[in-house]
Amino acid sequence: MSKVVAVTGNEAVANALRQINPDVCAAYPITPQTDLMQRFASFVSDGLVDTEMILVESEHSAMSACVGAAAGGGRAVTATSGPGLALMWEILFVASGMRLPILMPVVNRSLSAPLNIHGDHSDAMGARDSGWIQLWSENAQEAYDNTVQALLIAEHMDIRLPIMVCMDGFIISHSIERVEYLDDDVVKNFVGSYKPLNPLLDIKHPKSIGPLILPDLYLEYKRMQHEAMSKVKDVVLQTAESFQKISGRKYGLFETYRLDDAEIAIVILNSAAGTTKDVIDIYRNKGIKVGLLKPRLFRPFPYEEVGEALKHLKAICVLDRADSFGAFGPLYTEIVSSIYLTKSQPIVINKIYGLGGRDYMPEHAKIVIEELIDIINTGKVRLYKDYLGVRE
Amino acid sequence: MTTTPLSLKELSKKEILLSYGHRMCSGCGAPIVVKMVLLASDYPVIACSSTGCLEVSTCISQYTAWKIPWIHSAFENAAATLSGVETMYRSLKKKGKISDDIKFIAFCGDGGTYDIGFQSLSGAMERWHDMLYVCYDNGAYMNTGIQRSSATPLGADTTTCPAGSVIPGKQQQRKDLTKIMADHGIPYAAQASISNWSDLMKKVKKALSIKGPKFMNILAPCNRGWRSRSDDAVMLSRLAVETCYWPLYEIENGNLRITYKPKEKKPLEEFFKTQGRFKHLFSPENEWILKKSQEDVDRNWERLLREEACISQPEVNKEIEKSQ
Ligand SMILES: Cc1ncc(C[n+]2csc(CCOP(=O)(O)OP(=O)(O)O)c2C)c(N)n1
Ligand code: SF4
Ligand SMILES: [Mg+2]
């Protein structure tokens, strides 16, 4: 029997980790992730899981310990935010290069300077090329569901890659929402037992892990990582299908909202999608054909599917909660690439919003929709990249 | 557990667990360190190395010299990586998925230990992981071409502190890492040398018999960086010990014991003059560096003797307290 609870995003994800019961968990505090690991640590202290904790002295060591633990031959997890993820950067590539299916919830936070502890996507976007699978979550329910599904994807024998589950810092990690928990047994069966691949701890079959690879082979290694990534899409969909059977909740590579007959649309990640959907309803009631696309799988990016879903539109605004200074936002470039593949040519503009936890309000969605209406009426674009909600 | 006695006859029957054919320079001290440490172990071992000469030369492409499970993750994180392996071991053992009694040993250079990996090492020791961390100390970043590290001795010529006409090599003394590691309160810290193989192997045996974090610092001559003859690694190690530049001692649960005392302490010059990295110290204007280095060695040796005496003779301890 599933259970309906009122919990924060951090609480929901910590509970998913409890149900997964990993072999090893490395933890280091950083806002807004801190209380996720605190909650998990209390599960360990109370004997609700038999996980061994490693209370490391930095995130760099958290990821390094996860690399060692996963290479050892079991399930390893950690969680982090913003600067913690930035500090792990080097080892993120080690984890994916060694094909270790580590699970890491990322409670999205901005990067310094200036110091800011609030939610934006600079952290995970900075790690988008690290070879990790990335699932993004709109709310606590999605964060919980993605966490439960993550290991099935990461540990799939065709894939064996590490996975991040992203949710917005504070907005989701710290607000209480209605969440439906699955039963412990149901999650346990769903996740199944770990199948080690070349475990270092198999003392009878010694292996050397982490060699020096010279230019004669390095490219082949990287190409193999790409091959593994290219299989992720299918496994994400298979996993979503089996997850629907146990939960009744449907997931895909992305979510669309009133998009099929839309003329204009907003593309947006994570929590801000909720606010946007409400505003879309208001405009739909006025007869404006507006819709939304919210990516769930950002790495690997499902270009063909996203392109197909967007190609009929006249104008699109991609909202990025991370900036690439002097360039378009990271989501924007993916969306433009997706559409380019379809040969269709809607106008696509980019808005940077919500950095450092700046609230994204219904009026911001309204501004964007009005601008898109204006663009399709006049055919004119004022600015391809602009900032939303910035105080001039 | 049956233990192999430390006799050459018995040891010669054991398999060498780092194979020949690795690509370290001929005459390098580091692989000798690894072989001796592994030879001393009566347990199966899982090893971890930080990026550096040993790592890049022992596992390239499809070839590995390691006959035991071995992992390399990055330069600054061997202790953290191995702490992950060791924790997974405990977790799986607790669940009955592993039954072997396995030991965990890190083999890392001085750069990966004294400098960039220091935080990771300190953390792993403080967390009390059951592992032996072995630093093979060749006194510089050799893999990247002999750059200064905090293990580089005063006055040494390296590529980032070259002996120039104005600045005569490294201007600072070495970090005393063995002392710092012992000050973590770990159950065992020791210094060893390949010239005194039986002392080295006894220390390894003792370290592996103790549960918890252990640290060993082992001098590893590098003929490329030290500008010395390529067949002198053992002789140089011996000179380092006989001059008390590299004293052999152990600190077990806070108790210091000098495990080898030279009958006659040789002047440091004898060690220095065998190496091109100290060549410039023998010109008159740099004499002060030689003098200071000798004073540093003397002071450190006397400190060790004093500390050992305090522990073995509590009355001396009281005398010292009174006099202060
Ligand atoms: C983060 C990072 N910084 C720098 C390097 C470059 N690097 C690789 S090995 C090395 C020197 C290793 O020195 P040490 O640990 O003393 O080992 P040795 O080569 O002397 O045996 C350096 C600087 C690196 N690989 N990673
Ligand atoms: S450069 Fe020095 S440390 Fe490196 S392999 Fe050669 S002799 Fe050994
Ligand atoms: Mg070195």
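We name chains A, B, ... by the order of the sequence lines, and we start the count at 1 in each one.
Residue contact with chain B, scored on non-hydrogen atoms closer than 4.5 Å, involves the backbone and the side chain of A/Val56 alike. Contacts of A/Ile203 with chain B are made by both backbone and side-chain atoms, with heavy-atom separations under 4.5 Å. If you measure heavy-atom distances from A/Leu55 to chain B, the contacts under 4.5 Å come from the backbone alone.
Residues A/Leu212 and B/His72 are not in side-chain contact: their nearest non-hydrogen atoms beyond the backbone lie 4.5 Å or more apart. Put simply, the side chain of B/Ser73 reaches to within 4.5 Å of the side chain of A/Met98, judged on heavy atoms. Taking 4.5 Å as the limit, every side-chain heavy atom of B/Lys97 sits out of range of all side-chain heavy atoms of A/Leu201. Between B/Asn77 and A/Glu90 the shortest side-chain heavy-atom distance does not fall below 4.5 Å.
Of all the heavy atoms in B/Ile46 and A/Leu200, the pair that sits closest is CD1-O, 3.5 Å. Nearest approach of B/Ser91 to A/Asp50, heavy atoms of both residues: OG-O, 4.3 Å.
Taken from CD in A/Glu52 to NZ in B/Lys93, the straight-line distance is 12.5 Å, to the nearest 0.5 Å. Note: A/Ile54 CD1 to B/Met88 CE = 8.0 Å, rounded to the nearest 0.5 Å.
Near-neighbour residues of residues 57-68 of chain B relative to chain A, defined by a heavy atom under 4.5 Å from a heavy atom of that chain, comprise B/Cys59, B/Ile60, B/Ser61, B/Gln62, B/Thr64, B/Trp66, B/Lys67, B/Ile68.
For the set A/Gly72, A/Ser61, A/Ser208, the count of heavy-atom pairs under 4.5 angstrom toward chain B peaks at A/Ser208. Chosen from B/Thr81, B/Leu82, B/Ile102, the residue pairing most often with chain A at heavy-atom distances under 4.5 Å is B/Thr81. Between chain A and the residues B/Ser122, B/Pro69, B/Ser83, B/Ser120, the largest count of heavy-atom pairs under 4.5 Å involves B/Pro69. Your options are B/Arg127, B/Glu126, B/Glu86, and the one with the most heavy-atom pairs under 4.5 Å with chain A is B/Arg127.
In B/Trp128, the CH2 atom is crowded: over 12 heavy atoms of neighbouring residues, nucleotides or ligands sit closer than 6.0 Å. Atom NZ of A/Lys222 sits in a crowded spot, with more than 12 heavy atoms from other residues, nucleotides or ligands closer than 6.0 Å. At most 12 non-hydrogen atoms from other residues, nucleotides or ligands lie less than 6.0 angstrom from CZ of B/Arg224.
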Open item on the list: Please determine whether side chain to side chain contact (heavy atoms under 4.5 Å, CB included) holds for the pair A/Lys204 and B/Asp100, giving the CA-CA distance in whole Å, both sets of side-chain angles, and the decisive distance to 0.1 Å.
Closed with: CA-CA 10 Å; A/Lys204 297 199 176 61; B/Asp100 313 273; 3.1 Å; yes

Task: Verdict with reasoning, A/Asp23 to B/Lys95, per side chain to side chain contact (heavy atoms under 4.5 Å, CB included) - done: CA-CA 9 Å; A/Asp23 299 304; B/Lys95 294 170 189 164; 2.4 Å; yes

